[in-house]
Amino acid sequence: MPVAIRLLEVLKQENTEVHLIITDAAKTVLKYDLCNSKKTIETLEKTADFLYDENDFSVSVASGSFETDGMIIVPCSMKTLSAVANGYADNLVSRSADVCIKHKRNLVIVPRETPLSSIHIENMLKLSRIQNVWIVPPVVGYYFGTKNLEDMENYLVGKIIECFGMEHDLYKKWK
Ligand SMILES: Cc1cc2nc3c(=O)[nH]c(=O)nc-3n(C[C@H](O)[C@H](O)[C@H](O)COP(=O)(O)O)c2cc1C
């Protein structure tokens, strides 16, 4: 969840229009993930240009005719991963992801689970074979002089936005 918050901060700095969906389950996870932070769900919501209920299919991002640069699911539960991998569009997250896939737009999935079962891995493999779908696990990196969690979060956000070809100086690239 802190990665999602940092991502939204970066996208705002880059003047990217953000349409945010927070699932009901994610709202619960947020509370736990932010228990040692001053940040709250409102921090996340305030950063978005548009905020949607996961059950509202009448909004812009539910339709392919609404043009976007793509979608990032961060963090992506194994339930949502499965829904997206199997075209089971039963909420706005999986429907919007389905739209990105059918229009061959960028779709970045940041899976959240460990250890991974063969079901999880098969779902990821299925998705990674689709054009413009990226599986970007939040794997920690130390080789660029990481000092703290903020450095790590910046590194992960850098890895996510690189999928969209966005330039950044969130971490020191290998030379
Ligand atoms: C504190 C907390 C942590 C969780 N962590 C994970 C996780 O890392 N991966 C996962 O797949 N589900 C996790 N879950 C379970 C999901 O929230 C649950 O499967 C939910 O149905 C996912 O729904 P969503 O994908 O619509 O957000 C967690 C739940 C709680 C309460």
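Bear in mind that the values here come from a model prediction, so they are computed numbers and not experimental data. Counting convention: from 1, in listed order, for ligands and their atoms alike. Both backbone and side-chain heavy atoms feed into the values below; hydrogens, waters and symmetry mates do not.
Side-chain N or O atoms of S96 include one that pairs as donor or acceptor with a backbone N or O of L92 at under 3.5 Å.
Distance remark: protein heavy atom not present below 4.0 angstrom from atom 18 (C) of ligand 1. For atom 29 (C) of ligand 1, a protein heavy-atom neighbour is found at a distance under 4.0 Å. Within the 4.0 Å cut-off (strictly below), no protein heavy atom is located near atom 13 (C) of ligand 1.
Remark: minimum distance from atom 22 (C) of ligand 1 to any protein heavy atom is reached at S77 OG, 3.5 Å. Scanning the protein heavy atoms around atom 21 (O) of ligand 1, the nearest turns out to be K79 CD, 3.7 Å. Counting protein heavy atoms only, atom 8 (O) of ligand 1 is closest to R112 NE, 2.8 Å.
D56 pairs by the side-chain hydrogen bond (donor to acceptor under 3.5 Å, both in side chains) definition with S58, not counting sequence neighbours. Judged as a side-chain hydrogen bond (donor to acceptor under 3.5 Å, both in side chains), and not counting sequence neighbours, the contacts of N91 are E54, S94.
Using a 4.0 Å cut-off to heavy atoms of T80, the atoms of ligand 1 that qualify are 24 (P), 25 (O), 26 (O). The distance from ligand 1 to the heavy atoms of A25 drops below 4.0 Å at these ligand atoms: 17 (O), 20 (C), 22 (C), 23 (O), 27 (O).
Atom CZ of F66 has more than 12 heavy atoms from other residues, nucleotides or ligands within 6.0 Å.
Atom 27 (O) of ligand 1 has its nearest heavy-atom neighbour, among T23, I21, V29, in T23.
Between R6 and E9 there is a salt bridge, since a side-chain N of the basic residue sits under 4.0 Å from a carboxylate O of the acidic one. The pair E113-K79 fails the salt-bridge criterion, with no side-chain N (NZ, NE, NH1 or NH2) lying under 4.0 Å from an Asp/Glu carboxylate O. For the pair D33 and R112, the salt-bridge criterion is met [side-chain N within less than 4.0 Å of a carboxylate O].
Considering backbone and side-chain atoms together, E113 places an N or O closer than 3.5 Å to an N or O of ligand 1. Taking distance alone, with nitrogen or oxygen atoms compared against 3.5 Å, M78 approaches ligand 1 more closely than that limit. For ligand 1, none of its N or O atoms has an N or O atom of Y32 under 3.5 Å away.
A single hydrophobic cluster is not seen to contain both I21 and I72; linkage of ILVMFWY side chains at heavy-atom distances under 4.5 Å, directly or through other members, places them apart.
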